[in-house]
Engineer: 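Here's a structure for you.
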Amino acid sequence: MVCEGAGDVAAREALLDRAMGPKRKKKSSEKLRRGRRPSEGLAFVARDASGAVVGTVRLWDVRLGEGGPAALLLGPLAVEPGLKSGGIGSALMRHAVAEAARLGHGAILLVGDAPYYGRFGFSADRTGTLAMPGPYERHRLLALELKEGALDGAKGTIKAAGRKIKGQAQGLVA
C-alpha cells in the first residue's frame, strides 16, 4: 500500500470504472466527494509487480449533521476485477483504518455490505440517527469508532467537510 500520487489519477479512475461500472457516480456517497479532495494523507493505491494500480481506497472529511462532530467517509474501495478475493481489498482496508487512527481521526463511516466490512469492525449499531444525502439503504450505513465515544450524540445528515478542489483540476482529481 502506498499513498496515491498525482500520476495515479487516470489509472484509479479507469480501475473504478471497471470495478464499479458507469453508475458509480450516481451514488449518495459520491455527492459527499464531488468537488472535494480526500482527507490529507488518506488516499491509497495497491500496485502489482509491474507497478500498475490494482486497488484503491480513499477517505473523505465529513461532518455528522449540522455542526456535528468530524468523521471520515470511506470509499470507494475497489480492486481490479480479475484479482478479487486475493486479499488486496482487505489489505487496503486495514491500512486505511490504521492510518486514520494514527492521524487521530475519531470515526469512519461507509455505505457497504455489513458481512464484508464487519470483519474490520464496522457495523450499523451507531448509525441509526445519521442519514446520507440522497437515496441509500439504511442497513448499509456502517461505522467504526476509532476513539471510543466519537459517535456519541451524532445525528442528522452527513455533510461534506473536506478541502475543495480549486479551478479546472476538479474533473481530474474528483
Engineer: Listed by chain and number, what are the ring pair (Phe, Tyr, Trp, His ring centres under 6.0 Å) partners of Phe122, not counting sequence neighbours?
Structural biologist: none
Engineer: Cut-off 3.5 Å, no hydrogens considered: what does the side-chain donor-acceptor table look like for residues 64-77, sequence neighbours left out?
Structural biologist:
none

Engineer: Apply side-chain contact (heavy atoms from CB on, under 4.5 Å) to the pair His105 and Ser39, showing each step before the final yes or no.
Structural biologist: CA-CA 10 Å; His105 292 280; Ser39 187; 3.8 Å; yes
Engineer: side-chain contact (heavy atoms from CB on, under 4.5 Å) with Ala46: which residues, sequence neighbours excluded?
Structural biologist: Met1, Val54, Ile88, Leu92
Engineer: Output yes when a side-chain donor or acceptor of Glu4 lies under 3.5 Å from a complementary backbone atom of Ala43, and no otherwise.
Structural biologist: no
Engineer: Using the rule that Ile, Leu, Val, Met, Phe, Trp and Tyr join whenever any side-chain heavy atoms are under 4.5 Å apart, tell me whether Trp60 and Val45 fall into a single cluster.
Structural biologist: no
Engineer: Answer yes when Arg33 and Glu30 have at least one side-chain N-carboxylate O distance shorter than 4.0 Å, and no when they do not.
Structural biologist: yes
Engineer: So which heavy atom on Gly112 is nearest to which on Leu142, and how close?
Structural biologist: O-CD1, 3.7 Å
Engineer: Mind checking what makes salt bridge (charged side-chain N to carboxylate O under 4.0 Å, His left out) contact with Asp48, not counting sequence neighbours?
Structural biologist: none
Engineer: Pairs in or reaching into residues 73-86: which pass salt bridge (Lys or Arg N to Asp or Glu O under 4.0 Å), with residues at least two apart or in two chains?
Structural biologist: Arg18-Glu80
Engineer: With side chains defined as the heavy atoms from C-beta onward, is the minimum distance between Ile158 and Arg63 less than 4.5 Å?
Structural biologist: no
Engineer: If two hydrophobic side chains count as joined below 4.5 Å and joins carry through other members, does Leu59 share a cluster with Phe120?
Structural biologist: yes
Engineer: List for me each residue that meets side-chain contact (heavy atoms from CB on, under 4.5 Å) alongside Arg119, sequence neighbours excluded, and say none if there are none.
Structural biologist: Ser90, Tyr116
Engineer: Once you round to the nearest 0.5 Å, how far does NZ of Lys31 lie from NZ of Lys159?
Structural biologist: 13.0 Å
